[in-house]
Amino acid sequence: MSKRIQKSPAPTAPSANGNGKSEHMPLQQYNDTDGHFSLVRNFRLADMVTIMNGVCGSLSIFMSAKYLVTADGDYLWSALGFPLAGLMFDFMDGKVARWRNETSMLGQELDSLADLISFGVAPALLAFVVGLRTYLDTVVLTGFICCGLARLARFNATVALIPKDAKGKSQYFEGLPIPSSLALVALLSYWTSQGWIEGQQGLPGGTVTLWGAKGGDGDLHLISVVFGLWAAAMVSKTLQVPKI
């Protein structure tokens, strides 16, 4: 999660310049620019880097789908690699924004949405692809995505309240940042290299049956518990992760 935070200006009365356009309104530029593609013209360089993060997450999702259709391992490895590429763009967009001295509310929202795709949806689908396919597994993975969504929303809403250091940067993350899910992707990558996935040797730990017959809706892979705990850590209020 990059540090692209739009500083809220002090409340001021709207004023008009020579063109009759209001100032001191962060989103006024998007309202004042006409044309079908005015939004694209208003993108900053950092915004384009952020979008590349979302592109990587989207490609991971499609590569996962291709693997499910074809069982071609190259697609699975591509799906496992794209979230890492997304992380690189996630780091770069903040640096580009600071280098260009450009921040915007749009950029902050783009950052969160791209993170949700690359570090929430894509890893959850990868977990499904490698073997977390029971009914309870999908419930846990859905919770994982939704906790990531809630964590990003909370970050945008409360980041101004987190203590800052001398440089104005937040001193810690409140809850696990969603890019930390790449640790789970790394685990899935290792299992893939060992053949410990669905269709080969199967996932380590196997399943437990919480109700009904084995092989039914009551089955849960033990690794799903890790995804559930990770989700809880992302939305935790008391877990404070120092920024490096």
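One is the number of the first residue; the rest follow in order along the sequence.
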Next item on the list: Please check if L84 and V130 belong to a single hydrophobic cluster, counting links between Ile, Leu, Val, Met, Phe, Trp and Tyr side chain heavy atoms closer than 4.5 Å.
Entry: yes

Margin query: Under a 3.5 Å distance rule, please check whether S112 uses its side chain to pair with a backbone N or O of E109 as donor and acceptor.
Written below: no

Next item on the list: Give the intermediate values and the outcome of side chain to side chain contact (heavy atoms under 4.5 Å, CB included) for residues W191 and L203.
Entry: CA-CA 8 Å; W191 286 356; L203 293 177; 3.8 Å; yes

Next item on the list: Taking the side chain as every heavy atom from C-beta outward, state whether S236 and L176 have any pair of such atoms under 4.5 Å apart.
Entry: no

Note to self: Within the 3.5 Å criterion, strictly below it, is a donor on W77 or S189 matched to an acceptor on the partner's side chain?
What the structure shows: no

Item checked: Heavy-atom closest contact (L126 atom, L80 atom, distance) -> CD2-CD2, 3.8 Å

Item checked: Minimal non-hydrogen separation, A127 against L141, with atom names -> CB-CD2, 3.8 Å

Notebook entry, point to check: Among pairs that include at least one residue of residues 123-146, which meet salt bridge (charged side-chain N to carboxylate O under 4.0 Å, His left out), considering only residues two or more places apart or in two chains?
Noted result: none

Item checked: Contact summary for L116 and I145, nearest pair of heavy atoms -> CD1-O, 3.9 Å

Margin query: Working to the nearest 0.5 angstrom, can you tell me the gap between D111 CG and N53 CG?
Written below: 7.0 Å

Notebook entry, point to check: Do side-chain atoms of R151 reach the backbone of A231 as a donor and acceptor pair under 3.5 angstrom?
Noted result: no

Margin query: Can you confirm whether S64 sits close enough to Y75 that some side-chain heavy atom of one is under 4.5 Å from a side-chain heavy atom of the other?
Written below: no

Note to self: Please report the interatomic distance CG(L187) to CD1(I223), rounded to the nearest 0.5 Å.
What the structure shows: 5.0 Å

Checklist line | Main-chain N/O of C56 paired with S60 side-chain donor or acceptor, under 3.5 Å | finding: no

Checklist line | Those residues that, when tested against T209, pass side-chain hydrogen bond (donor to acceptor under 3.5 Å, both in side chains) (two or more places apart) | finding: D219

Next item on the list: Please round to the nearest 0.5 Å and tell me the distance separating atom OG1 of T138 and atom CZ of F128.
Entry: 7.5 Å

Notebook entry, point to check: Are W196 and Y190 close enough that their ring centres sit under 6.0 Å apart?
Noted result: yes

Check: About how many Å separate CG of D217 and CH2 of W211, when rounded to the nearest 0.5 Å?
Finding: 7.0 Å

Item checked: Distance in Å, D90 CG paired with D115 CG, rounded so as to fall on 0.5 Å steps -> 4.0 Å

Item checked: M63 side chain reached by L76 side chain, heavy atoms, under 4.5 Å -> no

Next item on the list: Could you list the residues that satisfy ring pair (Phe, Tyr, Trp, His ring centres under 6.0 Å) with F227, not counting sequence neighbours?
Entry: F144

Note to self: Using every non-hydrogen atom in the two residues, find where P179 and L87 come nearest and quote the distance to one decimal.
What the structure shows: CB-CD1, 3.9 Å

Margin query: Quick check: is L113 connected to F155 through a chain of hydrophobic side chains (ILVMFWY, heavy atoms under 4.5 Å apart)?
Written below: no

Margin query: Looking at L220, is its backbone amide N or carbonyl O close enough to the side chain of S224 to form a donor-acceptor pair, meaning the two atoms are under 3.5 Å apart?
Written below: no

Notebook entry, point to check: How far apart are the closest heavy atoms of V235 and C147, and which atoms are they?
Noted result: CG1-O, 3.3 Å

Item checked: Contact summary for Q194 and Q201, nearest pair of heavy atoms -> O-NE2, 3.2 Å

Check: Taking atom CD of E174 and atom NZ of K237, what is their separation to the nearest 0.5 Å?
Finding: 3.5 Å

Checklist line | Shared hydrophobic cluster, F91 / F82 (ILVMFWY, side-chain heavy atoms < 4.5 Å) | finding: yes

Notebook entry, point to check: Are any side-chain N or O atoms of T207 and backbone N or O atoms of H221, one a donor and one an acceptor, separated by less than 3.5 Å?
Noted result: no

Checklist line | Test item: S181 side-chain N/O and F119 main-chain N/O as donor-acceptor pair under 3.5 Å | finding: yes

